[in-house]
Amino acid sequence: MPKDLICGMEVEEAKAIKLEKNGETYFFCSRSCHDKFLNKTEDKKLNKKHESSSFYICPMHPEIEQDMPGDCPKCGMSLEPKSVSAGEQDSEELNILSRKFWIGLILTIPIFFLALGEMIPFFSLRAFLPSGFLRWMQFVLATPVVLWAGNIFFVKAWKSILNKSLNMFTLIAMGVGTAYGFSAIAILFPNILPESLKMHGEISLYFEAAAVITVLVLLGQFLEVRARNKTGQAIKALLGLAAKQAHRIREGKEEEVFIEDIQKGDLLRVRPGEKVPLDGIVIEGKSTIDESMISGEPVPVAKKEGDRVIGATVNQTGTFVMRTEKIGSETLLSQIVKMVADAQRSRAPIQKLADQVSGYFVPGVLVCAVLAFVAWSIFGPAPVLAYALVSAISVLIIACPCALGLATPMAIMVGVGRGAQSGILIKNAEAIEKAEMITYVLTDKTGTLTAGKPQVTSVIPTGVWDEHSLLSIAASIEHSSEHPLARSVVDYAKEKGYELTPVDGFQSVTGGGVKGKINGRAILLGKQKFIEDDGISLPEELKKKSDELQEKAATVIWVAVDRQIAGVIGISDPIKKTTPDAIRALHKMGLKVVMLTGDNEKTARAIAKELGIVDLYAGLEPKDKQEIVKKLKSQGIRVMVAGDGINDAPALAEAEVGVAMGTGTDVAIESAGITLVKGDLNGIVKALHLSRGVMSNIRQNLFFAFIYNALGVPIAAGVLYPFFGLLLSPMIAGAAMSFSSVSVIGNSLRLRNLKL
């Protein structure tokens, strides 16, 4: 009997968990031993490779990137891993902050009561303990809070000075350091301080302010890091749901293998209740699949032979065999993760405003603190230096610009994650901001407004040709084309049982048609203009029949053999069921919808009339679509373009915002700022709602941050004291500063429940 590689137990092969790796077979008595083996071997290799290629990036300044953990030299925040994978989110920072916060809180509570004991009714600690002892106890308890729990703030502040980039940690360290340092001197060397600092014969201590501020800032940092971690939960959930193993079929035998061992072209069997291992095509069987984790739609999707399936989705009712087409980083799930991660790190143009303000803000606060100290020293009541010190410390603490820095990136991170849950993939934050300002939506017809699965509905041969011979020639040359219309011709010919003939010298003319040779005969197939441009005359009777088909919203393909017309093929592409509602919704949002299509004008107008689209451009080549976008932009119109084909790529790239159908070509998806996984116009409606929600949230965050500092700094400086006798305590300033950050974080997290 084979032995378990981990525990050494003998196990029967039939009952063992088997692993085939690198041509060798391993047996395990339990899943526990199996997992331990992976952790000790394969995972080490993967982790080592990952560690060597990992980069860390600042959540507020994505241009800051390095190959090791650390702090951002601009804002002082901890750098985060740039890549995203299952369970990758490093919780070390969260654990450190949690530990520092709780220990700091435990030590700060008695400091608080020691300092404020005189204010407790019917209770005075001085009645039981000498004043000197109480003051020394504050010093002993506050020292680890400030110097151990709060040391991270001082380190970050020192780096900000070295990097000549003052930030929120500069202000925190100065405020806390001043409060603690002054109090420590008052305890250790009281004789060196002037008498003007004394109140009731003693120098006031601010240990409680230093400790409470430290704990409050730690709490704010902890909540902030935890909130940032939560923004990727939707993606982590998708990654966690990915299949780990699959049933591979080789030489008629079925074996269980790990996902990383599967190669392109491998045949995999998927049973009911199992996850689809990778992206591929069904070649045998049929089923329904729950694709909600990818598209956000709860209705199961029927799959049959020839249909594409997506890795990590859940098979429901039937068993099928699939051929693997994409593995590793090529899969849709991996692309979603990469796109969302990149978008969450990107910067919206509106963030430039916050960056510019922050650049002047910290030096301005330092000036305000100095002015407040000087003003209180000159005009304040006795003891003037004590009041001046409290005022300066309060200004430094309350003006911390962390809320301002978080306003945009927090909303972007949460919004991008919310979009991913609904099948809306945002390439960068700029696309979110620009989408809000869109006034025109230009959309392709085939595959965008229509299903993109056209079917042959008419075959009209001419002369010596019959339906069989015409379709055989057309399908043979279209077999090498990737256009949806070409696939419909090939599929129809195969259903009829017609044989395909090899083609020599195949050429595809984008936006026109295809040509090649079959058995030495020159074949030309495509649009009417494509045929006419080659100098071939078209029979008038056939033109009339072509017009009749086009008036019924059919696309007509002309076929010429040896420069003679052999016939036409009529193809109808049904409108997607979701398109009419989506067009109406876009109109209600005040947007103008324009159709751009390479199809003929008659067919385009038939589709446009049915959908209520007034403006259209037909018979376009890729460069024509791009020129139309340029022209509209030159008129000050904000243009969004939706498409799915190679011919749409130039227009997608030219538009303010390009929207690619996830069912389309890779080049279209790469050219677009937004990708709709499900591939229908309802996704555009959702994307626009998402954009408006995110931008509204950002403006709310910026308002909170600006108005907070606009009111907080003067109050901390003491402008209310002459009128109401109110002077803000540094401790209260610290609480207010933390609340501003928490309010921005909380407001951003509301986007997780945004209705799309």
Enquirer: Can you give me the closest heavy-atom contact between Ile637 and Tyr440, atom names plus distance?
Expert: CG2-CD1, 3.3 Å
Enquirer: If you round to the nearest 0.5 Å, how far is CD of Glu610 from CG of Leu449?
Expert: 11.0 Å
Enquirer: Side chains of Glu654 and Lys633: closer than 4.5 Å at any heavy-atom pair?
Expert: yes
Enquirer: Okay, side chain of Ser472, backbone of Tyr498: is any donor-acceptor separation there less than 3.5 Å?
Expert: no
Enquirer: Is there a side chain to side chain donor-acceptor pair (under 3.5 Å) between Ser469 and Asp466? Walk through the geometry before answering.
Expert: CA-CA 6 Å; Ser469 56; Asp466 57 19; 2.6 Å; yes
Enquirer: Looking only at atom types and distance, does a side-chain atom of Thr439 sit under 3.5 Å from a main-chain N or O of Arg638, one as donor and one as acceptor?
Expert: yes
Enquirer: Would you indicate whether the side-chain heavy atoms of Thr579 and Ile583 approach each other to under 4.5 Å?
Expert: yes
Enquirer: Is Lys494 close to His479 at the side-chain level, that is, under 4.5 Å between some pair of heavy atoms?
Expert: yes
Enquirer: Look at Arg248 together with Glu255 and state whether they make a salt bridge at an N to O cut-off of under 4.0 Å.
Expert: yes
Enquirer: Are more than 12 heavy atoms, taken from residues, nucleotides or ligands other than Gln635, located less than 6.0 Å from that residue's CD atom?
Expert: yes
Enquirer: Please give me the minimum heavy-atom distance between Val509 and Lys515, naming the atom from each residue.
Expert: CG2-CE, 4.5 Å
Enquirer: Looking at Ser287 and Gly318, would you say the former's side chain and the latter's main chain have a donor-acceptor pair under 3.5 Å?
Expert: yes
Enquirer: For Thr324, does its backbone N or O pair with a side-chain atom of Asp266 as donor and acceptor, under 3.5 Å?
Expert: no
Enquirer: Any heavy-atom pair between the side chains of Lys592 and His587 that's under 4.5 Å?
Expert: no
Enquirer: In plain terms, say whether Glu325 and Lys264 are close enough for a salt bridge, that is, a side-chain N and a carboxylate O under 4.0 Å apart.
Expert: no
Enquirer: Inspect the contact between Lys625 and Asp444 and indicate whether a charged nitrogen and a carboxylate oxygen are less than 4.0 angstrom apart.
Expert: yes
Enquirer: Is any NZ, NE, NH1 or NH2 atom of the basic residue among Arg308 and Asp279 found under 4.0 Å from an Asp or Glu carboxylate oxygen of the other?
Expert: no
Enquirer: I need the minimum non-hydrogen distance between Ala604 and Met595, along with the two atoms involved.
Expert: O-CE, 3.7 Å
Enquirer: Closer than 4.0 angstrom, basic N to acidic O: yes or no for Arg271 and Glu256?
Expert: no
Enquirer: With a 4.0 Å cut-off on N to O distance, would you call Lys543 and Glu540 a salt bridge?
Expert: yes
Enquirer: Using atom types as modelled and distance alone, determine if a side-chain donor or acceptor of Ser546 lies under 3.5 Å from a backbone N or O of Leu542.
Expert: no
Enquirer: Could you tell me whether Asp307 and Lys304 make a salt bridge, using a distance below 4.0 angstrom between a side-chain N and a carboxylate O?
Expert: yes
